[in-house]
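Structure record follows, encoded as C-alpha cells.
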Amino acid sequence: MPRYNPGRIEAKWQTYWEENQTFKTSEMPAGEKLYVLDMFPYPSGNGLHVGHPEGYTATDITCRFERMRGKSVLHPMGYDAFGLPAEEHAIKTNTPPRESTEKNIANFTRQLKMLGFSYDWSRCLATTDVGYFKWTQWIFLLLFDTWFDIEQNKGRPISELPIPEDVSAEGELAVAKYRDQHRLAYLDDALVNWCADLGTVLANEEVIDGRSERGNYPVKRIPLRQWMLRITAYADRLENDLEGVNWSDGIKKLQRDWIGRSAGAEVDFYIGEQDAYHDWKTGRAVTGFPDQIKNDTLRVYTTRPDTLYGATYMVIAPEHPAVENLVTAGQQEEVKAYCEKASFKSDRERTEDSKSKTGVFTGAYAINPVNGAKVPIWVADYVLISYGTGAIMAVPAHDERDYQFAKEYGIDIIAVVDPGERKGIDRGAVLAGQQCFHGAGVAINSGEYDGLQTADFKKTIREVLEVQGTGTSAVNYKLRDWLFSRQRFWGEPFPILHELDDEDNPTGIIRGVDEADLPVDLPPLEDYKPHGRPEPPLAKADDDWLYPVIDGKRYRRETNTMPQWAGSCWYYLRYIDPTNEDCFVNPEKEKAWMPVDLYIGGAEHAVLHLLYARFWHKVLYDRGHVTTVEPFQRLVNQGMILGEMEFSVYQDAAKDWVGVDKVSRDDEGRYRQEDGTEVLPVKLTEEKVTKQGDTFVLADDESIRVDARSFKMSKSRGNVINPDEIVENYGADSLRLYEMFMGPLTATKPWAMSGVNGVKGFLDRVWRMIVNDRAETLALNEMVFDIEADADALKILHKTIKAVTKDTENLDFNTAIARMMEFVNHFTKQQERPRSVMQSFVLLLAPYAPHIAEELWELLGAEETLAYEPWPEFDESFLIESTIEIPIQIKGKVKSRISVAADISKDDLQQAAQNDEKMQELLAGSEIVKVIVVPGRLVNFVTK
RNA sequence: GGCCGAGUGGCGGAAUUGGCAGACGCUCAGGAUUUAAAAUCCUGUGUCCGAUAGGACGUGCGGGUUCGAGUCCCGCCUCGGCUACCA
C-alpha cells in the first residue's frame with residue numbers, strides 16, 4: 001500500500017476533481033483571465049496517439065500553474081468530429097456515421113480523463129452536435145449575407161451593396177444575381193474528382209496519381225457548381241494582421257507564403273486583325289484600360305513589366321477561353337489534342353515533372369504594345385488558368401520556366417536586363433541568351449528605356465502603359481477562394497434553398513433558411529452508399545427533407561455539405577458560451593474571454609486551419625459579432641514525436657550483410673545493390689551495433705554500415721505507442737512527465753520507453769522522499785519533520801522555485817523537470833526534511849504530475865485540492881552565496897580555480913587569481929600581455 | 001527545385017545568449033544490501049595517452065572575427081519538415 005501506486009492515486013484524484021468540479025470555470029473571469037486552447041482532435045477509431053498528450057500536457061501545465069498564480073483560466077476541450085473515416089465506416093456497415101462518431105468520442109474522452117487534464121468538461125462540444133452546427137450554419141448565412149467593400153476594406157451587409165443603375169434597370173432577378181455575385185459565400189463552377197467506377201466524388205486526399213486510393217480506378221476532373229468563400233478579399237488583412245500576433249516567425253512566413261501576394265501589372269496584347277492594330281492602340285489611349293476585354297485582346301499578368309521588350313512568345317493555359325478563337329486552321333488538331341490531354345491531368349501531374357515543359361503553337365500572334373513586335377502565341381500547361389489572367393508574356397532570358405520552354409522549342413531568347421558583373425552569374429552567357437537571369441539589373445535592348453534600373457523601369461513603364469490604356473497595376477495572390485462544398489453526407493448541411501418553378505426546375509434564385517428554422521439537420525438515409533451520380537448523397541434524402549415549401553413556393557435544399565474545416569473555424573468562440581441557444585456566443589462573455597492567449601497544436605494546421613479560422617473571425621469582426629481582430633494571440637506548435645530508434649541493415653540472397661551505403665531503392669520500392677541484385681532490409685537490436693566515427697556499423701563486422709534513425713509513428717511500420725498501455729504500466733503522471741522531459745516542446749524527438757521508466761523512477765523517489773514506504777499504512781516518511789528549514793535547505797528550495805517558475809513561464813518544461821530532479825536528489829540524501837519545504841516542492845510538482853502531488857499534499861496535512869493553492873514565491877535573499885568559485889584561464893583555457901568572496905572587486909579578483917599557487921607556477925617565465933577580468937565569471941591571462 | 005528547422009557523449013538532451021561544454025535523465029560497468037533475484041542505495045561513465053598525478057583533443061566539415069566561439073560571420077556537407085511551374 002505505501003509504495004507509489006499510480007493506478008490507485010490517479011483514479012482517486014480524477015474522481016475527486018470530477019465530484020468537486022474542481023476545474024469548472026465561472027461564466028465570467030474574475031480578475032486576470034487566461035484562455036488556453038488545444039487544437040481539438042479528430043476522434044478517430046484508433047484512439048489517442050502519444051502525439052496528442054504532448055500539446056495537451058503542455059497546456060495543462062500552463063493552466064494549473066496560472067490557476068495557482070491566481071488567474072481565471074479557461075481551458076476547454078472538444079471534438080472536430082465530422083470526417084471521412086466515419087462516413088466510410090457508415091458506407092461499409094450501413095450504420096449512421098453519428099453512431100461510430102459518438103463511440104469514438106466516448107473513447108477519446110475516457111483517454112483524456114485518464115491523463116488528468118484540468119479541462120472544464122462541462123464546456124465540451126463536438127462539431128457534429130446539432131446544437132453546435134446550428135451556429136456553424138448561422139455563420140455561413142452571415143458570410144452569405146456579407147459583401148466585401150474594397151474601399152472600406154471590410155465586409156458589410158449585402159443590403160448595403162450599391163446596385164449599379166443598369167443592373168437595377170434589368171429588374172429584380174438581375175439585382176438578385178448581382179448580389180449573389182458579390183457575396184462572401186457564392187456559387188461557382190469548380191473541378192471535382194469524379195470517379196465513375198466508384199460512383200462518387202472524391203476528396204483530393206483520396207486521389208493518388210490520378211486514380212482512386214480505394215480500388216485504383218481512374219479519376220476525372222469535372223466541373224460542378226459549388227460553394228466558394230471569398231477569402232481572397234481578406235488576403236491583405238490576413239497578411240498584415242500577422243504583425244500584431246505572437247507566433248513564431250516560421251509560421252508567419254508559412255502563412256505569408258501561402259497567401260503569396262505579388263504586385264505587378266496587367267498588360268493587354270492585341271490579337272485582332274493586323275491592320276487594325278493602330279486603331280486599337282489609339283482607341284485605347286482614349287478609353288483607357290477596360291475592366292472587361294474584347295476578343296481582340298489577350299491580357300497577361302506580369303511582375304516584370306520592365307522585361308516587356310524581351311517577350312519572345314506568349315503562353316495561354318489550355319483552359320483559356322481564347323484558345324478556340326486564336327488557333328489557326330493548321331494548328332487546330334494539334335492544339336485540340338493537347339488541351340484534351342491536359343484536361344485529364346491533375347494539377348499534381350502537370351507539375352510533377354517541372355523540368356520538362358510541353359506546349360503547342362496556336363499559329364496565332366499577338367502584338368506587343370510597347371514596340372509593336374509580333375509575338376507567337378503558344379498553349380502550354382505550365383501556365384495555370386487559375387492564376388492571374390491565365391496567360392503570360394514569356395521572357396525566356398529572365399524567367400527560368402520560360403527559358404526551359406524556349407530552349408525546348410527553339411524560341412528566341414533576348415536579354416533585356418544586364419546583370420552586370422556579379423558573383424555566380426556569367427554576364428556574357430546572360431547577354432547571349434545562354435543563361436537565365438531573374439534578378440534586377442540595368443535595361444538593355446529596350447528602346448528608349450535602355451539604361452534604366454529595373455525598379456525605375458517598372459515604375460516608368462507602368463505609368464506609360466496606364467496613359468496608353470494598355471496596362472495597369474495589379475495584385476495577385478497564390479491564395480485562391482476557398483472551395484467550401486463537399487459531395488459528402490457527414491458534414492454540416494448548407495442552410496440554403498434553391499427556388500423551383502412549376503416544372504420543378506431551379507429558377508436561379510437562392511435564399512438562406514430563416515434563422516428561426518435553424519438548424520438544418522442531416523436527413524436519415526436508407527443507406528449511405530454512393531448513388532452513382534456526381535451529386536452529393538443528400539440528394540437521396542426523402543422529399544420531405546429535400547423539397548420544403550415556404551409561402552407556397554417550392555424549394556430544393558442545397559445537397560452539398562460543408563468541409564471538415566468549417567466546424568473548426570469558430571469552436572474557440574463556442575467554448576466561451578457553449579450552451580447558449582439564442583446566440584453563437586454572448587457578446588459580454590466574448591469580450592471578457594477573447595482572445596485566446598495560448599494556442600498549442602501540431603504544425604500540420606499551420607496554414608489552412610489557422611488561415612480559415614482567422615478569415616471567419618475577421619468576417620465576424622466586421623459584422624460586429626466579436627471584439628478582437630485576431631483570434632489567437634500566441635501560437636505554439638509542438639514538435640512531432642517519432643517512434644523508437646531503429647537500426648537496420650540489408651542482407652543478400654546468401655544472407656550476407658550489405659551496408660546501407662551500398663543500397664538504393666528502385667522505382668518499385670525494392671532495395672537493390674549497385675549491380676542490381678535485390679537485398680532485404682533487416683532490423684537489428686542495439687547490442688549488434690557499434691558506433692564508428694559518425695556512423696553506426698555492425699559490431700561483428702565494422703565494414704558494414706548500419707542505418708540508425710527514428711521514423712514517424714505509423715500503423716504500417718508498427719511503431720505506434722498507445723497511451724493506454726503507458727498509463728497502465730507507468731501511470732498518467734509518468735506519461736505526462738516523460739512527454740515533457742523528452743526535450744523542448746517544439747522539437748521533433750524520438751520516443752524511448754526506457755525514458756518513461758526513468759521518470760517513473762523520479763516519481764518513485766519523490767514518493768519515498770515524503771512517504772514511509774515500509775509502513776503498513778500510508779504515513780509520512782520519518783525524516784519529514786516540523787522543523788525550521790536551515791539556510792542550506794532554503795537555498796535549494798528557492799533555487800528550485802526560481803528555476804521552475806521561470807522555465808514553466810517559458811514553456812521550458814524539460815529543464816523545469818531537471819531542476820525538480822536535482823531538488824529530490826538533494827533531499828533524499830538529507831536525514832531531516834522540513835515539512836514546509838516538502839509542501840512547497842509538492843506545489844511546484846503539481847502542474848506536471850498532479851495526481852501524485854495531490855496525494856502527497858493531502859498526506860502533508862491539507863484537507864482540500866492544491867489546484868488553487870498560491871504558487872510558491874522565491875526569495876532572492878536565500879540565494880545569495882557568500883563565496884563563489886571562479887575559473888582562471890590562460891589564453892582562454894581553464895588552468896585553475898579559486899574560491900573568492902561573491903562581491904569581490906575586479907582588482908582584488910585579478911590579484912587573487914595572480915596569487916593562486918598554480919597560476920604562479922604556470923605564469924612564471926611568461927609575459928602577461930593582457931588580463932581579462934569578468935567579475936563573478938572568470939579571469940583570463942593572455943600571455944606571450 | 002524553393003523555403004524553414006536541426007546537427008553537442010552509446011542515446012534523449014543542458015549550457016543566464018560570446019565566458020568553467022556535457023546539467024538532468026537513460027544506458028552500461030563496478031560495489032553495498034539480499035540465501036538469491038527484483039527493488040533500492042553508493043561509485044564511475046566524452047575520446048585518446050597515462051597505474052596514478054596529470055596532460056592533450058573535443059559541440060557536422062573548412063575558413064574567419066575575438067583575450068575567449070556550441071553560441072557571431074563566410075563557404076560547404078548531412079538529416080528532418082513543409083512546399084511544389086503562382087508569371
Side-chain angles (χ1 to χ4, degrees), chain A residues 3 248-251 253-254 257-258 260 262 264 300-304 307 315 347-348 350-355 357 380-384 386-395 398-402 404-405 438 476-480 603-604 606-607 639-640 642 644-645 686-687 689-691 694 696 708-710 712 738 741-744 746-759 761-762 764-765 768 773 803 806 812 814-822 825 828-829 885-894 897 929-932 934 936-943:
Chain A
R3 297 240 331 231
S248 74
D249 289 341
I251 297 292
K253 191 173 182 325
L254 231 49
D257 289 352
W258 193 265
S262 95
V300 302
Y301 172 71
T302 176
T303 54
R304 292 295 299 272
T307 59
V315 183
D347 279 357
R348 186 61 183 256
R350 282 201 200 179
T351 59
E352 220 152 53
D353 186 13
S354 61
K355 284 265 150 55
K357 308 235 175 313
D381 65 5
Y382 81 89
V383 167
L384 308 174
S386 51
Y387 186 79
T389 58
I392 62 159
M393 64 173 203
V395 186
H398 306 292
D399 181 284
E400 205 62 56
R401 297 148 300 185
D402 298 343
Q404 284 163 14
F405 190 86
H438 52 253
N476 268 295
Y477 302 94
K478 251 163 90 171
L479 180 72
R480 312 294 154 84
E604 68 272 22
V607 177
M640 202 193 329
L642 306 174
E644 293 243 9
M645 165 99 98
E686 207 178 335
E687 58 268 23
V689 168
T690 184
K691 192 153 188 185
D694 282 345
F696 283 90
R709 51 196 287 204
S710 300
K712 234 189 230 182
Y738 176 64
F741 189 59
M742 286 168 89
T746 53
T748 304
K749 33 203 181 260
W751 187 269
M753 210 51 96
S754 57
V756 187
N757 200 41
V759 292
F762 163 65
D764 275 324
R765 285 195 296 283
R768 287 194 303 269
D773 69 331
K806 195 186 114 240
D812 291 329
N814 54 332
T815 50
I817 294 167
R819 298 292 88 83
M820 289 192 272
M821 286 172 168
E822 286 174 338
N825 289 344
T828 46
K829 291 192 180 89
E885 197 177 72
I886 296 287
I888 309 171
Q889 305 177 329
I890 294 178
K891 291 198 271 197
K893 305 228 148 128
V894 181
R897 287 161 215 281
V929 184
K930 196 174 171 187
V931 185
I932 286 105
V934 186
R937 278 243 162 273
L938 56 70
V939 181
N940 185 13
F941 293 97
V942 187
T943 58

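The chains referred to below are lettered A, B, ... by the order of the sequence lines, with proteins before strands, and numbering in each begins at 1.
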With respect to the phosphate group of [N], does any side-chain polar atom (N or O) of [X] fall under 4.0 Å of OP1 or OP2?
X      : N     : result
A/S262 : B/A87 : yes
A/N825 : B/G25 : yes
A/R709 : B/C79 : no
A/K930 : B/C67 : yes
A/R765 : B/U40 : no

Using a 3.5 Å distance criterion without hydrogens, assess whether the side chain of [X] forms a donor-acceptor pair with backbone atoms of [Y].
X      : Y      : value
A/R304 : A/H438 : yes
A/Q404 : A/K357 : no
A/Y738 : A/W751 : no

Rounded to whole angstroms, how far apart are [atom1] on [X] and [atom2] on [N]?
X      : N     : atom1 : atom2 : result
A/N757 : B/C28 : CG    : P     : 11 Å
A/D381 : B/A87 : CG    : C1'   : 15 Å
A/N814 : B/G13 : CG    : C1'   : 7 Å
A/M742 : B/G13 : CE    : C1'   : 11 Å
A/I251 : B/C4  : CD1   : C1'   : 10 Å
A/I890 : B/A56 : CD1   : C1'   : 16 Å
A/Q404 : B/A87 : CD    : C1'   : 13 Å

For atom P, what is the distance between B/U17 and B/A29, given to the nearest Å?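 Going atom to atom, P in each nucleotide, I get 41 Å.
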Which part of the nucleic acid does [X] contact within heavy-atom distance under 4.0 Å: base, sugar-phosphate only, or nothing?
X      : answer
A/E400 : nothing
A/K806 : nothing
A/G388 : nothing

Taking any strand in view, what nucleotide pairs with [N] in a Watson-Crick or G-U wobble way, both distances under 3.5 Å?
N     : value
B/C41 : B/G31
B/G19 : B/C67
B/A6  : B/U78
B/U59 : none
B/C85 : none
B/A53 : none

Counting only side-chain heavy atoms from C-beta out, which of [options] sits nearest to [X]?
X      : options             : result
A/K357 : B/C24, B/A87, B/C85 : B/C85
A/T303 : B/C11, B/C4, B/A87  : B/A87
A/Y301 : B/G80, B/A87, B/C41 : B/A87

Would you kindly compare A/L938 and A/D399 by the position of their nearest RNA chain B nucleotide and give the one closer to the 5′ end?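 Nearest-nucleotide comparison on RNA chain B picks A/L938.
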Heavy-atom donor-acceptor pair, A/R3 side-chain to B/A39 base, under 3.5 Å: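 Result: no qualifying N/O pair found.
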